[in-house]
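Everything below concerns the one structure shown next.
Whatever order the structure lists them in is the order used to number ligands and atoms, beginning at 1. On a predicted model such as this, the values are computed, not experimentally measured, just so you know. All residue numbers refer to positions in the sequence shown, counting from 1.
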Amino acid sequence: MRRLLFGILVVGVFVGSCAGDPPEVPLGPDGEPDPVLADGRAVYAKHCAACHGRSGGGGQGPRLNNGAVVGAYPDIDDQVAVVADGKGTMPSFAERLTDRQIAAVTRYTREVLS
Ligand code: HEC
């Protein structure tokens, strides 16, 4: 019985570390998260995390966090264009997301996943 409980605990910790929501947007000086970044987080959770990982660590798509996108795209507009137009096997999001949502999720990957 104790081994069973231990097994459940181990599986629970493992699943918990893989699943779940993307990192929270830090609170600003007014005690509120930047609303654009909060929108970006919601878009990321729904449309991007499945391929790029919950925290942007990569998966089917490449790593976006730890400075990867800022390094690859010093100009944010170039990164916005990848999300809007798609790249390789990554789908285009121009039809599914508004320009504001694409800008918001791009900022989220640069500033929160960073
Ligand atoms: C179906 C899987 C999939 C989904 C969903 C997806 N991507 Fe991607 N993404 C990829 C793949 C694969 C690449 C690599 C394309 C290549 O270089 O050929 C990529 C590349 C990128 C790149 C360029 C990375 C680089 O280093 O050049 C960015 C930025 C990016 N994705 C952002 C996003 C965002 C933001 C979303 C959600 C709106 C998203 N992706 C959704 C699969 C996906």
Side-chain angles (χ1 to χ4, degrees):
M1 187 63 191
R2 276 174 73 172
R3 283 177 76 162
L4 177 67
L5 287 176
F6 181 72
I8 291 170
L9 183 72
V10 169
V11 169
V13 169
F14 180 72
V15 171
S17 65
C18 295
D21 294 329
E24 296 273 0
V25 177
L27 300 181
D30 60 355
E32 297 290 331
D34 180 330
V36 176
L37 292 178
D39 285 349
R41 177 173 180 256
V43 172
Y44 187 84
K46 190 163 176 216
H47 296 279
C48 322
C51 287
H52 289 282
R54 182 184 69 91
S55 308
Q60 190 182 333
R63 168 184 291 280
L64 301 178
N65 65 3
N66 288 352
V69 277
V70 181
Y73 303 95
D75 183 343
I76 189 171
D77 291 342
D78 295 333
Q79 190 187 336
V80 164
V82 168
V83 180
D85 301 340
K87 182 182 178 198
T89 55
M90 171 164 152
S92 152
F93 283 91
E95 304 286 315
R96 275 180 282 174
L97 299 174
T98 64
D99 289 352
R100 285 168 78 119
Q101 286 176 310
I102 292 174
V105 74
T106 299
R107 270 193 61 203
Y108 176 78
T109 63
R110 297 172 82 91
E111 297 175 40
V112 181
L113 299 183
S114 63

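Between Gln60 and ligand 1, a contact under 3.5 Å exists for no N or O pair.
Relative to the ring axis of Tyr44, Arg41 does not place its NZ or CZ within 45° and under 6.0 Å from the centre.
Counting the atoms of ligand 1 from 1 in the order shown, those under 4.0 Å from a heavy atom of Thr89 are 12 (C). Listed by number with element, the atoms of ligand 1 under 4.0 Å from a non-hydrogen atom of Cys48 are 34 (C), 35 (C), 36 (C), 37 (C), 38 (C), 39 (C), 41 (C). Below 4.0 Å from some heavy atom of Gln79 lie the following atoms of ligand 1, by number and element: 29 (C). For ligand 1, the atoms lying closer than 4.0 Å to a non-hydrogen atom of Cys51 are 1 (C), 2 (C), 3 (C), 4 (C), 5 (C), 42 (C), 43 (C).
Closest non-hydrogen pair, Gly40 versus Val105, comes out as O-CG2, 3.5 Å. In plain terms, the two heavy atoms of Val36 and Ala104 that are nearest each other are O-CB, 3.4 Å.
More than 12 heavy atoms of other residues, nucleotides or ligands shown are found within 6.0 angstrom of CZ on Arg96.
Protein heavy atom closest to atom 33 (C) of ligand 1, with residue, atom name and distance, is Met90 CE, 3.3 Å. In terms of protein heavy-atom proximity, atom 22 (C) of ligand 1 is closest to Val82 CG1, 3.8 Å. Counting protein heavy atoms only, atom 18 (O) of ligand 1 is closest to Gly88 CA, 3.6 Å. Nearest protein heavy-atom neighbour of atom 13 (C) of ligand 1: Pro62 CD, 3.3 Å. For atom 5 (C) of ligand 1, the closest non-hydrogen atom of the protein is His47 O, 3.2 Å. Regarding atom 15 (C) of ligand 1, its nearest protein heavy-atom neighbour is Lys87 O, 3.3 Å.
Among the atoms of His52, an N, O or S atom is found under 2.8 Å from atom 8 (Fe) of ligand 1.
A 4.5 Å side-chain heavy-atom check between His52 and Met90 finds at least one atom pair inside the cut-off. Counting heavy atoms from C-beta outward, Pro33 and Leu27 have side chains that approach closer than 4.5 Å. Counting heavy atoms from C-beta outward, Arg107 and Leu37 have side chains that approach closer than 4.5 Å.
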Validation: residues 67-81 side-chain donor-acceptor distances under 3.5 Å, sequence neighbours left out:
| from | atom 1 | to | atom 2 | distance (Å) |
| --- | --- | --- | --- | --- |
| Tyr73 | OH | Lys87 | NZ | 3.4 |
| Asp75 | OD1 | Asp77 | N | 3.0 |
| Gln79 | OE1 | Arg110 | NH1 | 2.7 |
| Gln79 | NE2 | Thr109 | OG1 | 2.8 |

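In this structure, CG on Leu97 lies 11.5 Å from CG on Asp39, to the nearest 0.5 angstrom. With rounding to the nearest 0.5 Å, the separation of OG in Ser114 from CG in Leu64 is 11.5 Å.
Contact annotation for Leu64 and ligand 1: only side-chain heavy atoms (C-beta onward) come within less than 4.0 Å of the ligand. Counting heavy atoms under 4.0 Å from ligand 1, residue Tyr73 touches it through the side chain alone.
Assignment of Ala50 to the shell around ligand 1 is not supported, since no heavy atom sits closer than 4.0 Å.
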